[in-house]
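So the structure is just underneath, and the comments pick up after that.
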Amino acid sequence: MSERKSGEYQPLRPQPGPIAELFAPVAGFGVTLSSMFRPTVTEQYPREKVPTQRRFHGRHQLNRYADGLEKCIGCELCAWACPADAIYVEGASNADLPENAGLQVNADDSAGAHMSPGERYGGVYQINYLRCIFCGLCIEACPTRALTMTNDFELAGKTRAGMIYEKQDLLAPLSEGMLAAPHPMVEGTTDTNYYSGDVLGPTAAQVDWVREHRPDDETLDAADAVASGRAPAPTPRQHELRPDEGPGAAERSAGAAAVGSVRVLASDAAGSGRPGVTA
């Protein structure tokens, strides 16, 4: 106590010794020097695509049921939940489809053509990626798990209009064995059966309906194989990070030979012999 009264400062923390004080000015370079001898971890993007984390918030995807019907019912809850006003949805009625002329279609009736189970489907679906903040609130609001987010982060575009993704850009492609909509629901089911996961694939009645109304449908053969038991039930397609395929047609025409593929349109893929990745 007498020493404190004398006015001398007594630090509570232990003081460094003479050697520590000697190297104190260069101690901050220790992290730098230790990092110089470690292997580099630089990702060579876009030449090498590194998979993202499992819960990464990337481009949205509109999912399908196992028989090919769309999960989106046009309720517009995702648009209401979006804090950036980036989503625009217009619901439409299954009863208004041309195939249902003169028929009464409702949620408890599996007859007639459907784009999605029940009474409504998403007629117009747009996401403006100039506004989207990838918060995921739209995913939480979706009651049918129709809207999910993929790990696709390559969303650059040259025009503002090109950054507004339409329904065909967001809709998951048909898996092997799915039947292209519109077509009837599985006979004897309601929309609740679809929501509960009871529908595992197309049936023979659905295949016969599509063959009658669209005999040239490309999905008929694979769906018929599933319905007859000759092929396993389809698995809804999940998005996977695209492999590095080099510059796309748009990049090559612009002279950006060192830039990896970002978004190849189906028309460009058909002309270059490469698979389309717009979906």
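Computed from heavy atoms alone, side chains included, the values below leave out hydrogens, waters and symmetry copies.
Side-chain atoms of D224 and R211, non-hydrogen and from C-beta on, do get closer than 4.5 Å to each other. Under the 4.5 Å side-chain criterion, counting only non-hydrogen atoms from C-beta, S175 is not in contact with T235. At a threshold of 4.5 Å between non-hydrogen side-chain atoms, the residues F153 and F134 do not count as touching. Side-chain contact between S116 and C72: absent, with no pair of heavy atoms (C-beta onward) separated by less than 4.5 Å. Contact annotation: the side chain of R64 never approaches that of L69 to less than 4.5 Å [non-hydrogen atoms, C-beta and beyond]. Within the 4.5 Å cutoff, the side chain of V199 has no heavy atoms near those of the M185 side chain.
The CG atom of L147 sits 6.0 Å away from the SG atom of C78 when rounded to the nearest 0.5 Å.
Other residues sharing a hydrophobic cluster with W209 under the 4.5 Å side-chain heavy-atom criterion for ILVMFWY residues are L179, V207, V210, L220. Taking Ile, Leu, Val, Met, Phe, Trp and Tyr as members and joining any whose side-chain heavy atoms lie under 4.5 Å apart, directly or through other members, L137 forms no hydrophobic cluster with any other residue. Here I133 is tied to no hydrophobic group at all, with no ILVMFWY side chain closer than 4.5 Å. The hydrophobic cluster containing M115, built from Ile/Leu/Val/Met/Phe/Trp/Tyr side-chain heavy atoms closer than 4.5 Å, also comprises L97, Y121.
The salt bridge (charged side-chain N to carboxylate O under 4.0 Å, His left out) search around D221 returns none, not counting sequence neighbours. Applying the side chain to side chain contact (heavy atoms under 4.5 Å, CB included) criterion to Y88, with sequence neighbours excluded, gives E90, V124, Q126. Taking the side chain to side chain contact (heavy atoms under 4.5 Å, CB included) definition, one finds that F37 meets it with nothing, sequence neighbours left out. Taking the side chain to side chain contact (heavy atoms under 4.5 Å, CB included) definition, one finds that P232 meets it with nothing, sequence neighbours left out. For R230, the side chain to side chain donor-acceptor pair (under 3.5 Å) criterion is met by S228, not counting sequence neighbours. In this view, T219 and D217 satisfy the side chain to side chain donor-acceptor pair (under 3.5 Å) rule, not counting sequence neighbours. Every residue was checked against the side chain to side chain donor-acceptor pair (under 3.5 Å) condition with E176, not counting sequence neighbours, and none meets it. In this structure, the side chain to side chain donor-acceptor pair (under 3.5 Å) partners of D198, at least two apart in sequence or on a different chain, are N193.
Side chain of R120 to backbone of S93: no donor-acceptor contact under 3.5 angstrom is found. Put simply, the side chain of R59 never gets that close to the backbone of Y129: no donor and acceptor are under 3.5 Å apart.
Classification of E43 and K49 as a salt-bridged pair fails, no side-chain N sitting under 4.0 Å from a carboxylate O.
A tilted orientation is assigned to the rings of Y65 and Y195, their planes being inclined by 30° to 60°.
For I19, the CD1 atom sits in a loose shell: 12 or fewer heavy atoms of surrounding residues, nucleotides or ligands are nearer than 6.0 Å.
For the residue pair H114/Y194, the side-chain donor-acceptor check at 3.5 Å is not satisfied. Y125 and E70 form no side-chain donor-acceptor contact under 3.5 Å, judged by distance and modelled atom types alone. In this structure, a donor-acceptor pair under 3.5 Å is present between the side chains of Q206 and D67.
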